[in-house]
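Have a look at the structure below before the remarks.
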Amino acid sequence: MAETAFTPALEGIKHVKTENGEILAKPFLEVCKHILPVIDKFGAAMAIVKSDIGGNITRLESKYSSDPAKFNFLYTMVKVEVETKTAKASSSCTNGLLWLTRAMDFMVELFRNLIEHLDWSMAQCCAESYGKTLKQWHGWLASSSVTVAMKLAPDRNKFMEVLGGFDHVKADIEKFLDTFSPLLQENHKFLFALTTSLALQLALLQLALLLANSLPTCVASLVLFCNVVRLIDEAQNKSRLSLSLINEVLDS
């Protein structure tokens, strides 16, 4: 079968995981980079999203390049930042991985809409994908900027023609969705599990300190655990890790 714009990403996905199922940093980032030329085909409509994805790839690549052996595995970057209490910084790799995953969620949903909803316009595909993914994390200014930019999206038929035609690219888009989406889900699960673990460890430590100080701490202890449960429920209900949840845990 002839190559498509998705062929490099599909080839790269084969090398993202080790035999033990661990995600490798460089191969994962390379796959994300291979999607940038596809995003280019959307023109100005995806300029903001492309810039966000490219910037976070660069941030993570920079950390990887600083010590390839140490940061061979993608999640090591986050674990090191948690240990050094730098994960909540806006320039952290934790923040970068979180937003890269969210932006790629958006692209995955957009590609899915394009092949599953043939009666939808490009504008409708973009709006639905954005509303389901990135929009819930964006503030008013960012949301407004992205919404305005997406109005510049090309006609869906012309977009498919640029990619070589719907029939030519459909199978590869489906393969990309089937193989790349699980990697994004693993990212979300890792970040959620890490933050949940930190929250529980923090709660137990603070409870021990409260009980050690005085007996009239039952109310304070109850409030503490209620707050931890609220944080965990927030993440579970959204099925995604919010940056505010990470900060609440790391600030405590």
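What's counted below: heavy atoms across the whole structure, side chains too, no hydrogens, waters or symmetry copies. Because the structure is a prediction, the values reported are computed rather than measured.
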All pairs passing side chain to side chain donor-acceptor pair (under 3.5 Å) where residues 15-25 contributes a residue, at least two apart: K17-E186

Does a side chain donor of either T86 or E81 reach within less than 3.5 Å of an acceptor in the other side chain? no

When you measure from the side chain of T101 to the backbone of L97, do you find a donor-acceptor pair of N or O atoms at a distance under 3.5 Å? yes

Can you sort out the partners of E11 under salt bridge (Lys or Arg N to Asp or Glu O under 4.0 Å), two or more places apart, ordered by chain and number? K14

Rounded to the nearest 0.5 Å, what separation is found between the CZ atom of R102 and the NE2 atom of H138? 8.5 Å

My understanding is that only residues two or more places apart in sequence, or in another chain, count here; which of them pass side chain to side chain donor-acceptor pair (under 3.5 Å) with T133? none

Would a 4.5 Å heavy-atom cut-off, applied to side chains only, mark M107 and F42 as touching? yes

Measuring from M46:CE to I53:CD1, what's the distance to the nearest 0.5 Å? 9.5 Å

Can you list the residues that meet the salt bridge (Lys or Arg N to Asp or Glu O under 4.0 Å) rule with E128, with sequence neighbours excluded? none

Heavy-atom side-chain proximity of K175 to F180 below 4.5 angstrom: no

Side chains of L134 and D105, heavy atoms from C-beta outward: is any pair under 4.5 Å? no

Decide yes or no for F28 and I13: does some side-chain heavy atom of the first lie under 4.5 Å from some side-chain heavy atom of the second? no

Using the six-membered ring wherever Trp is involved, compare the ring planes of Y75 and F190 and label them parallel, tilted or perpendicular (cut-offs 30° and 60°). parallel

Do D172 and T4 have side-chain atoms, one donor and one acceptor, less than 3.5 Å apart? yes

Verify, without hydrogens or angle tests, whether S51 (side chain) and A47 (backbone) share a donor-acceptor contact under 3.5 angstrom. no

Contacts of type side chain to side chain donor-acceptor pair (under 3.5 Å), residue D40, not counting sequence neighbours: K50

Minimum heavy-atom distance between S90 and N95, given as atom pair plus value: O-ND2, 2.7 Å

Going by the rule salt bridge (Lys or Arg N to Asp or Glu O under 4.0 Å), which residues pair with K132 if we only count those two or more places apart in sequence or in a different chain? E109

Residues forming a side chain to side chain donor-acceptor pair (under 3.5 Å) with S129, sequence neighbours excluded: N113

Donor-acceptor pairs under 3.5 Å, side chain of residues 145-152 to any protein atom, not counting sequence neighbours: which ones?
unit_1: S145; atom_1: OG; unit_2: L141; atom_2: O; d: 2.9
unit_1: T147; atom_1: OG1; unit_2: S143; atom_2: O; d: 2.7

With side chain to side chain donor-acceptor pair (under 3.5 Å) as the rule and sequence neighbours excluded, what pairs involving residues 53-68 come up? K33-E61, D52-N56

Mind checking what makes side chain to side chain contact (heavy atoms under 4.5 Å, CB included) contact with L118, not counting sequence neighbours? R156, F166

Classify the angle between the aromatic ring planes of Y130 and F106 as parallel (below 30°), tilted (30 to 60°) or perpendicular (above 60°). perpendicular

To which residues is F73 joined in a hydrophobic cluster, defined by side-chain heavy-atom contacts under 4.5 Å among Ile, Leu, Val, Met, Phe, Trp and Tyr, whether direct or through other members? L24

For A153 and C126 the tightest heavy-atom approach is CB-SG, 4.2 Å

When you check the gap from the basic side-chain N to the acidic O, do E83 and K79 get nearer than 4.0 Å? no

Applying side chain to side chain contact (heavy atoms under 4.5 Å, CB included), can you list everything that pairs with A5, at least two apart in sequence or on another chain? V38, L163

Distance (rounded to the nearest 0.5 Å) between L114 CG and R112 CZ: 11.5 Å

What is the minimum heavy-atom distance between M77 and L60, and which atoms define it? CE-O, 3.4 Å

